[in-house]
Amino acid sequence: MPSAETTPAGVREPEPERSAPSEPVSPTREDEVAAVGSELIGGPIGRYARLRTSWWTPVRVVALVAIGMFALGLVQKAPCYHSAWFFGASSQYTKACYSDIPHLYQGRGFADHLVPYFDRLPDDLSGGMGYLEYPVLTGVFMQVASWLTPHSGSIQDQEQWYWFVNAAMLMVCTAVLAVCVARTHRRRPWDGLLVALAPAAALTATINWDLLAVALTAAAMLMWARRRPVAFGVLLGLATAAKLYPVFLLGPLLVLCWRAGKWREYGQAVAGAAVAWLVVNLPVMLFAFPGWSKFYTFSQDRGVDFGSFWLIWSQNSSNPPGTGFVNTAATVLVVLCALGIAVLTFTAPRRPRFAQLAFLIVAVFVLTNKVYSPQYVLWLVPLAALARPKWRDFLIWQACEVAYFLGIWMYLAYTTSGDAHKGLPTHGYHWAIALHLLGTLYLCAVVVRDILTPERDVVRRSGDDDPSGGVLDGADDVFVLGAAARPPRHATRHEAPQVDWGRQDSAPHQGDSL
């Protein structure tokens, strides 16, 4: 905390004005981009504004804005809903409104009432896939939507209804996601607007079913922030049963709990995750193992695909890398980066925030994976909003993701339009991939910078330690390495005032550096 200075006459000058620990943080007071954007609705919030006397609480506003943006995303899909999904090989790409949902209604046997994982799919419908290639909880979500879809009329009518039902269910996931992010950092509910207004999220929300896993992961992080490790584990296990990436959050949590000595809470989280995952997966695993394992075998056997730097290498080489090499190399890269994150955690001057490391590990998986579908941006949006709640950096990254969203559809339009060559040629698509990679790397870089120089972290500069950290918030360190074990000192090259990291006392502790 900034300390009051004493003049030569012995008169103490007042401390710099700063929010009380319980006062909500207003982005329009600390973020220049948010302040400029607020001019559309009347300008930055005033110093004497009464924030708790209206029905329009920040969480409610964030939820309604998220639903509104989701609705705009549905409007963007309207050209495909009416015709482009059903007529013309490339029209759904030239109009940038493609979705897997209507195509898989028939292609994965839902139109024929086949049971996912248990009934083998006809090769002429599935293209030889054999079984549904999604994790079990996502398959349950798809099946529930099929039960709610009228199985009457033409196949086009049914596919339209199936997409519409899924969209309604995914809208609920969007609302849950927005509310959870807005409530995770108690003093920063308005950071949820980063999620609610993310353009790439609105554009990709109904391409696939990723929002289910994203909403469950956000709910899990909220439970961890509320110091409920078992509930966190259960929700993270369910999220992993819907998509693989949430399990990676247990890695950063391990090293954070190691540094803070919170082994009991970490054990509870892991146990909860394992039990929840098994409850969902075990029945299918026991009675329909070929169908259950399809997701894992498909992920392993899948070749280099859209959106990855591996594709750039493959399409520009006379000797492209094989699937086995890419699988091994990508795994090695993830492991090396995870070790780097662990070293960063143990040597950082102040223990990193959970959201920062969660973002970094998922970003590593995204950057090194052999495929990057445009909807994968949804995995990172809530983590980015919690890790680096700064509008400028968030919007730079989002601009890169929107460019990639347009680039992949224009590339597919080019490859499916025959001699007409409508869209973006291969080298142009490579630039779109590079832009996506650079945007994500940029956000990773500023998060790492915040970890190394906590004075730059906007969350900590407002007086908090780790509001999404639960039992880690304000906890003492018990294991540190390198510079973190030296006597505490602040960065010397940054002009920002020294800040209190949300500690309950001001005395230095062994192993702390800030």
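Just so we're clear, the structure is a prediction, and the values are computed from it rather than from any experiment.
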Using 4.0 Å as the upper bound for N to carboxylate O, is an ion pair formed by Glu265 and Arg227? no

Is it true that Arg188 and Asp191 have a side-chain N and a carboxylate O under 4.0 angstrom from each other? yes

Donor-acceptor contact below 3.5 Å, side chain Tyr117 vs main chain Pro135: yes

Could you tell me whether Phe287 and Phe118 have their ring centroids closer than 6.0 angstrom? no

Is the shortest side-chain heavy-atom distance between Cys444 and Phe359 below 4.5 Å? yes

Donor-acceptor pair, side chain of Thr138 and main chain of Ala242, under 3.5 angstrom: yes

Salt bridge Asp466-Arg351, side-chain N to carboxylate O under 4.0 Å: no

Do Gln356 and Asp457 have side-chain atoms, one donor and one acceptor, less than 3.5 Å apart? yes

When the ring planes of Tyr98 and His103 are compared, do they come out parallel, tilted or perpendicular, using 30° and 60° as the limits? parallel

Side-chain heavy-atom pair Val214, Pro382 within 4.5 angstrom cut-off: yes

Checking Arg388 side chain against Asp450 main chain: does a donor-acceptor pair fall under 3.5 Å? no

For Arg226, I'd like to know if atom CZ has over 12 heavy atoms of other residues, nucleotides or ligands within 6.0 Å. yes

Under 6.0 Å between the ring centres of His151 and Tyr105? yes

Taking Arg186 for the side chain and Pro467 for the main chain, is one N or O donor matched with an acceptor at less than 3.5 Å? no

What class does the angle between the rings of Trp379 and Phe365 fall in, given that below 30° is parallel, 30 to 60° is tilted and above 60° is perpendicular? parallel

Does Asp477 reach the side chain of Arg350, with side-chain heavy atoms less than 4.5 Å apart? yes

Does Asn208 use its side chain to pair, donor to acceptor, with the backbone of Asp100 at less than 3.5 Å? no

In terms of heavy-atom contacts, does CZ of Phe164 have more than 12 from other residues, nucleotides or ligands at under 6.0 Å? no

Short side-chain to backbone donor-acceptor contact, Ser308 and Lys370, under 3.5 Å: yes

Option among Trp292, Phe295, Trp209 that satisfies the ring-ring contact (aromatic ring centres under 6.0 Å, His included) test with Tyr134: Trp209

Could you check whether any side-chain N or O of Trp310 sits under 3.5 Å from a backbone N or O of Thr368, counting only pairs where one atom can act as donor and the other as acceptor? yes

Would you say the side-chain atoms of Ser146 pair up with the backbone N or O of Met142, donor to acceptor, closer than 3.5 Å? no

Inspect the surroundings of CH2 in Trp409 and state if more than 12 heavy atoms from other residues, nucleotides or ligands are less than 6.0 Å away. yes

Backbone N/O of Gly474 and side chain of Asp465: donor-acceptor pair under 3.5 Å: yes

Can you name the one residue among Glu159, Gln92, Lys77 that meets side-chain contact (heavy atoms from CB on, under 4.5 Å) with Pro102? Glu159

Is there a side-chain contact between Met171 and Ile67 (heavy atoms, below 4.5 Å)? yes

Any donor-acceptor N or O pair under 3.5 Å, side chains Tyr376, Asn369: no

Would a distance-only check, ignoring hydrogens and angles, find a side-chain to backbone donor-acceptor pair under 3.5 Å from Ser99 to Thr206? yes

Determine whether more than 12 heavy atoms belonging to other residues, nucleotides or ligands lie under 6.0 Å from atom CZ of Arg60. yes

Contact between Tyr372 and Leu437 at the side-chain level, heavy atoms closer than 4.5 Å - yes or no? no

